[in-house]
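We're numbering straight along the sequence, starting at 1.
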Amino acid sequence: MEKRVAIVGAGISGLLACKYAAARGFRPVVFEAQDHVGGVWNHTIESTRLQNVRPTFEFSDFPWPSSVEDMFPTNFQVLDYLQSYAHHFGLLPYIKFNSKVISINYVGESDDQIRSWDLWGGTGKAFGCQGKWILKVIHTKDNFTKEYEAEFVIICIGRFSGFPNIPKFGAGFGPEIFSGKVLHSMDYSGMDNAAAADFIRGKRVAIIGSSKSATDIALECATANGPENPCTMIQRTVHWALPDAYAWGVNYGNIFATRFMELMVHKPGQGLLSTVLATSLTPLRWAMSKFVESYVRWKLPLKKYGMIPKESFLGEISSCQIYMLPETFYDKVENGSLALKKSQNVSFCEDGLIIDGEHHVKADIVIFATGYKGDEKLKNIFASPTFQNYILETPTSTIRLYRQIIHPRIPQLAVIGYSGSFSNLFTYEMKCKWVAQFLDEAVELPSIKEMEKDIETWERYMKTYSGNGKYRSRCVGGLHIWYNDQICRDIGINPRRKKGFFADMFQPYGPQDYN
């Protein structure tokens, strides 16, 4: 049986999947819709910076160049870093650029056969059954469509592009009655810098959203137009945003990226001792959350502008909602260039927006920074309605993946990039190491029922700690060491990566620990 591996996407996860698959002797084919590697980093606004401190967002075997000294590198530096990684490891020959995968279809095994299996793929192996995938690809440069075959597919299309989440409005209350321009942050980020600057110059801009992209765009608009044409940022849910990398002089990694911190959390598949420790240490976990919250509230004028989040800081970490605040953000609020509003109900009028049915916000441009429908984007790539239903069983369900990588009922396929952590590059690399070992038959899977049981334990963890229904984000950030321990055991390496008990327990874990 042939062992052809196809990878969809050449962003961070696609590059990692390609590198580790090739290192195990495979010759993958990577289909990339754009003409460059880097994924969403090709489409960021001019002021975007990395959300992680540089050492935590790093390939384990390819450090940042010494020329990059910024603690939070710019988007240009990140993109250069990713492109250098692709060149250094010789990944470009594997990539077909300007090649957009329209759909993938599994053939050779019927739905009834797949439902009858006790083991994943019938044998528990990556290439164990007789089926194969047909990938329909449009080559955009020449505008022709071609089908490719592969025995294994790795989907690396990411959650933060391509399928914008646009809020729905009742008849007569939506964008159709607005005389200005309406767009999604995806469209704004897709403009070149000069076009974006010209688009917002001298305009009253209203931004709906509370994510990092909303914050960055709001600051960019406020900087461009000043108090003469203030920008308004309207948020439904206020999130904790960090002003710097330390809380009361303590690095966040020393607080939240250690094994000691994870002792305070009830973990999926934990034993009796872990249960007792997590229960007994709950007050300490609460105190550590308040420690950080007190610093952020002291550092930033949150109370003055009514921007204190309702969710705890640790609840936000567990749902991957934390982000770094641009340094001058509240300076723009103080000088009147940026207005912050909270609202559960926003509707359009001819010259702007109505907040909560009574407050009027005048605007020339409205930008939705309301995220993406990543789950539906993944679902829609499958030609089979059966597999579509497996991926997204209900509108409120999560994508159910064993080890956050493979679906128990979809054979010969892995998904990278649909669960995040405090550093996505870090997490994606661990997943790709696991996938490469699995392709080479060095990882043994449990039965389908056991995999589904393991998925349920992670579901319960996410529902318990994420709060406000945010567990749908598939975040492992609150337990990234515990998660990596499972990856390490699966691929046969020691999960204890530090020298000595105290270092292993109290020092932060980062990419270099897994080199």
Side-chain angles (χ1 to χ4, degrees), residues 5-44 48-99 101 154-161 405 414-437 439-440 480 484 487 491 497 509-515:
V5 178
I7 298 170
V8 185
I12 292 174
S13 56
L15 293 176
L16 285 162
C18 179
K19 187 257 187 180
Y20 283 103
R24 301 296 292 189
F26 297 93
R27 186 166 182 81
V29 177
V30 184
F31 298 98
E32 169 54 51
Q34 303 180 87
D35 57 3
H36 293 89
V37 303
V40 295
W41 286 99
N42 285 293
H43 304 289
T44 55
T48 299
R49 284 183 173 267
L50 189 64
Q51 283 298 283
N52 303 81
V53 291
R54 189 182 65 252
T56 67
F57 192 92
E58 180 176 86
F59 297 105
S60 66
D61 54 1
F62 189 72
W64 282 86
S66 58
S67 59
V68 178
E69 299 179 351
D70 293 338
M71 187 58 70
F72 299 97
T74 67
N75 56 342
F76 305 107
Q77 290 171 323
V78 174
L79 192 56
D80 284 344
Y81 179 54
L82 300 180
Q83 291 170 344
S84 297
Y85 179 83
H87 283 283
H88 179 78
F89 288 106
L91 304 183
L92 296 182
Y94 297 103
I95 304 173
K96 291 182 179 292
F97 291 106
N98 302 300
S99 301
V101 176
I154 307 174
I155 298 180
C156 302
I157 56 178
R159 294 182 291 123
F160 303 113
S161 65
I405 299 170
V415 179
I416 308 293
Y418 275 78
S419 62
S421 72
F422 78 94
S423 173
N424 284 337
L425 185 153
F426 181 14
T427 302
Y428 297 166
E429 184 165 19
M430 294 300 293
K431 292 179 183 180
C432 290
K433 291 179 179 183
W434 187 97
V435 170
Q437 297 272 12
L439 291 173
D440 208 21
H480 83 279
N484 288 339
I487 296 293
I491 64 179
R497 310 302 299 168
Y509 262 74
Q512 295 305 320
D513 292 306
Y514 298 91
N515 184 359

Walk me through whether Phe59 and Leu82 qualify under side-chain contact (heavy atoms from CB on, under 4.5 Å). CA-CA 9 Å; Phe59 297 105; Leu82 300 180; 3.8 Å; yes

Find the distance between CD1 (Ile7) and CD (Glu32) and round it off to the nearest 0.5 Å. 11.5 Å

Those residues at least two apart in sequence (or on a different chain) that pass side chain to side chain donor-acceptor pair (under 3.5 Å) with Gln51 are none

Trp41 (side chain) donor-acceptor with Gly11 (main chain) under 3.5 angstrom: no

Does Gln512 offer a backbone N or O that forms a donor-acceptor pair with the side chain of Asn515 under 3.5 Å? no

Find the distance between CG (Asn484) and CG (Asp513) and round it off to the nearest 0.5 Å. 9.5 Å

Only counting residues at least two apart or in another chain, list the ones meeting ring-ring contact (aromatic ring centres under 6.0 Å, His included) with Tyr428. none

So, using ring-ring contact (aromatic ring centres under 6.0 Å, His included) as the criterion, who are the partners of His43 when residues are at least two apart? none

Between CE on residue Met71 and CZ on residue Arg49, distance to nearest 0.5 Å: 12.0 Å

Give a yes or no on whether the backbone of Glu69 and the side-chain of Arg54 come within a donor-acceptor separation of less than 3.5 Å. yes

Can you list every pair that meets side-chain hydrogen bond (donor to acceptor under 3.5 Å, both in side chains) and has a residue in residues 80-91, with sequence neighbours left out? none

Could you check whether the rings of Phe426 and His480 sit parallel, tilted or perpendicular, using 30° and 60° as the cut-offs? perpendicular

Partners meeting ring-ring contact (aromatic ring centres under 6.0 Å, His included) with Phe160 (sequence neighbours left out): none

Taking all atoms of both residues into account, what is the closest heavy-atom pair of Val30 and Gly9, and its distance? CG1-O, 3.4 Å

Checking Tyr20 against Glu429: is there a side-chain donor and acceptor pair closer than 3.5 Å? yes

Test item: Asn42 side-chain N/O and Val37 main-chain N/O as donor-acceptor pair under 3.5 Å: yes

My understanding is that only residues two or more places apart in sequence, or in another chain, count here; which of them pass side chain to side chain donor-acceptor pair (under 3.5 Å) with Asp440? Arg24

